[in-house]
*Asks:* 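Here you go, one structure.
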Amino acid sequence: MRNLLFTLIVRPIVFIVLGLNIRHYERLQKSGPLVLIANHNSHLDTLVLMSLFKGKHFHHVRPVAAGDYFLKNKVLKWFSTEVMNIIPIERKMTRDFKGMFQPIIDELQNGGIIILYPEGSRGEPEQLSKYKSGIYYLMRECQNVPIQPVFMHGLGKALPKDSFILVPFFVDIFIGETFKFIDDRKVFMDEVTNRLNTLRDEGDFKEW
């Protein structure tokens, strides 16, 4: 049912209504294990990223999402678990990073394709927030898994934070080359920032 819903409803909206323009699609690693990281401005972000994968690879795609938000009522819980197939995590301070990320690690060990937002939560439309170091602590537990950066422009205007009205807007998706974990938190976070900023700058967007 999940694949059917995406085929009949989600992908037509993403590729036709939004006018999606994908740059460097040939770079996309279509099989797992893979951690796909991206900027985050809209609820549409995850649907767009999931739509990049098709067929047997689509079944392995699982977004990481805040359980306290996406499981807060029956309707949202059904959509989040049955359609999106999220991996829910708790947004609270802990020193047990391995325990917190264990469901993600287990999925990667089974060839999963994980969608993760280093900003942590949705920012203001077409603005970047500071990347949080959770990505470092996750990748420290699965150091050989490739990381693929993706930068999205336009979704913050198509369906911005706190809005429920979809506005057709031309959307650009820039896919970067994969890279690996670096066992130094500052150096690794700088690398994450540089990879995403390079993709952003490729589009030469004046408002950023």
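Side-chain atoms are counted along with the backbone in the values below, which use heavy atoms only and exclude waters and symmetry mates. Bear in mind that the values here come from a model prediction, so they are computed numbers and not experimental data.
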*Asks:* Let me see the working for I135 and Y131 under side chain to side chain contact (heavy atoms under 4.5 Å, CB included), right down to the final yes or no.
*Replies:* CA-CA 9 Å; I135 178 70; Y131 301 126; 6.0 Å; no
*Asks:* Does any N or O in the side chain of Y117 come within less than 3.5 Å of the main-chain N or O of T46, such that one atom is a donor and the other an acceptor?
*Replies:*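 Side chain of Y117 to backbone of T46, a donor-acceptor pair under 3.5 Å: yes, one is there.
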*Asks:* Are the side chain of N39 and the backbone N or O of M152 linked by a donor-acceptor pair below 3.5 Å?
*Replies:*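 Looks like yes, one N/O pair under 3.5 Å.
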*Asks:* How about CG on N144, more than 12 heavy atoms from neighbouring residues, nucleotides or ligands closer than 6.0 Å, or not?
*Replies:*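 No, the 6.0 Å shell around CG holds no more than 12 heavy atoms from other groups.
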*Asks:* Go through the side-chain N and O atoms of H24 and E202 and say whether any donor and acceptor fall under 3.5 Å apart.
*Replies:*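 Note: H24 and E202 side chains meet the donor-acceptor criterion.
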*Asks:* Can you measure from CD1 (I175) to OH (Y25) and round to the nearest 0.5 angstrom?
*Replies:*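 That separation rounds to 7.0 Å.
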*Asks:* Ignoring hydrogens and geometry, is there a side-chain-to-backbone donor-acceptor pair from Q148 to G176 under 3.5 Å?
*Replies:*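 Pair found, side chain donor or acceptor close to backbone of G176.
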*Asks:* Quick one: closest heavy-atom pair of M100 and P103, and the distance?
*Replies:*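 Looking at all heavy atoms of both residues, the closest pair is O-CD, 3.7 Å.
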*Asks:* How about Q143 and V145: do any of their side-chain heavy atoms sit closer than 4.5 Å?
*Replies:*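 Side-chain contact under 4.5 Å: no.
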*Asks:* With a 4.5 Å cut-off on side-chain heavy atoms, are V48 and L20 touching?
*Replies:*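 Yes - at least one pair of side-chain heavy atoms lies under 4.5 Å apart.
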*Asks:* Between M139 and V35, which heavy-atom pair has the shortest distance, and what is it?
*Replies:*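 Distance-wise, the nearest heavy atoms are SD-CG2, 3.7 Å.
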*Asks:* If you define the side chain from C-beta out and look only at heavy atoms, does anything of I115 sit under 4.5 Å from V61?
*Replies:*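 I115 reaches V61 side chain to side chain.
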*Asks:* On a heavy-atom basis, which atom in A65 and which in I86 lie closest, and how many Å separate them?
*Replies:*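 Closest heavy-atom pair between A65 and I86: CB-CD1, 4.0 Å.
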*Asks:* Check L196 against A38 and note the closest heavy-atom contact, atom names and distance.
*Replies:*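 Looking at all heavy atoms of both residues, the closest pair is CD2-CA, 4.4 Å.
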*Asks:* Within 45° of the axis and under 6.0 Å from the centre of the six-membered ring of Y136, does NZ or CZ of K186 qualify?
*Replies:*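 The answer is no, since K186 fails at least one limit relative to Y136.
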*Asks:* For atom NZ of K54, is the number of surrounding heavy atoms from other residues, nucleotides or ligands below 6.0 Å larger than 12?
*Replies:*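 Atom NZ in K54 is not packed in, count stays at 12 or less.
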*Asks:* One pair to check against side chain to side chain contact (heavy atoms under 4.5 Å, CB included): R185 and S133. What are the steps and the verdict?
*Replies:* CA-CA 8 Å; R185 189 167 65 90; S133 55; 4.0 Å; yes
*Asks:* Within this structure, what is the NE2-CG distance for the pair H40 and L49, rounded to the nearest 0.5 Å?
*Replies:*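 So the NE2 of H40 and the CG of L49 are separated by 9.5 Å.
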*Asks:* Using 0.5 Å steps for rounding, measure from the OG1 atom of T198 to the CD atom of E177.
*Replies:*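 These two atoms lie 11.5 Å from each other.
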*Asks:* Begin from the C-alpha positions of V150 and F174 and carry the test side chain to side chain contact (heavy atoms under 4.5 Å, CB included) through to its verdict.
*Replies:* CA-CA 6 Å; V150 176; F174 293 83; over 6 Å; no
*Asks:* Can you check whether I37 reaches I147 side chain to side chain, under 4.5 Å on heavy atoms?
*Replies:*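 The answer is yes, as the side chains (C-beta and beyond) meet within the 4.5 Å cut-off.
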*Asks:* Hey, do the aromatic rings of F101 and Y137 have their centres closer than 6.0 Å?
*Replies:*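 They do not qualify: ring centres at least 6.0 Å apart.
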*Asks:* Could you report the tightest heavy-atom contact between E119 and K132, atom names first, then the distance?
*Replies:*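 The pair with the smallest heavy-atom distance is O-CE, 3.5 Å.
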*Asks:* When rounded to the nearest 0.5 angstrom, what distance separates CE in M50 from CG in N85?
*Replies:*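 Separation between the atoms: 7.0 Å.
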*Asks:* Step through the shown structure and confirm whether more than 12 heavy atoms of other residues, nucleotides or ligands are within 6.0 Å of CZ on R27.
*Replies:*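 Atom CZ in R27 is packed in, count exceeds 12.
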*Asks:* Please give me the minimum heavy-atom distance between L108 and C142, naming the atom from each residue.
*Replies:*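 It is CD1-SG, 3.7 Å.
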*Asks:* Kindly compute the distance separating CG (L47) from OG (S51), expressed to the nearest 0.5 Å.
*Replies:*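 It comes to 6.5 Å.
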*Asks:* First locate atom CD1 of I182, then atom CZ of R140, and finally report the distance between them rounded to the nearest 0.5 Å.
*Replies:*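 Here the interatomic distance stands at 15.0 Å.
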*Asks:* Is the backbone of V75 close enough, under 3.5 Å, to the side chain of N73 for a donor and an acceptor to pair up by distance?
*Replies:*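 Side chain of N73 to backbone of V75: a pair is present.
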*Asks:* Does any non-hydrogen side-chain atom of P146 lie less than 4.5 Å from one of K180?
*Replies:*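 Yes. Closest side-chain heavy atoms under 4.5 Å.
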*Asks:* Do L28 and L52 have side-chain heavy atoms sitting under 4.5 Å apart?
*Replies:*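 Heavy-atom side-chain distance check passes, below 4.5 Å.
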*Asks:* Looking only at atom types and distance, does a side-chain atom of R195 sit under 3.5 Å from a main-chain N or O of P149, one as donor and one as acceptor?
*Replies:*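 Checking the backbone N and O of P149 against the side chain of R195, no donor-acceptor pair under 3.5 Å is found.
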*Asks:* Start with the C-alpha distance between E107 and I104, add both sets of side-chain angles, then the distance that settles side chain to side chain contact (heavy atoms under 4.5 Å, CB included), and finish with yes or no.
*Replies:* CA-CA 5 Å; E107 192 67 29; I104 304 174; 5.7 Å; no
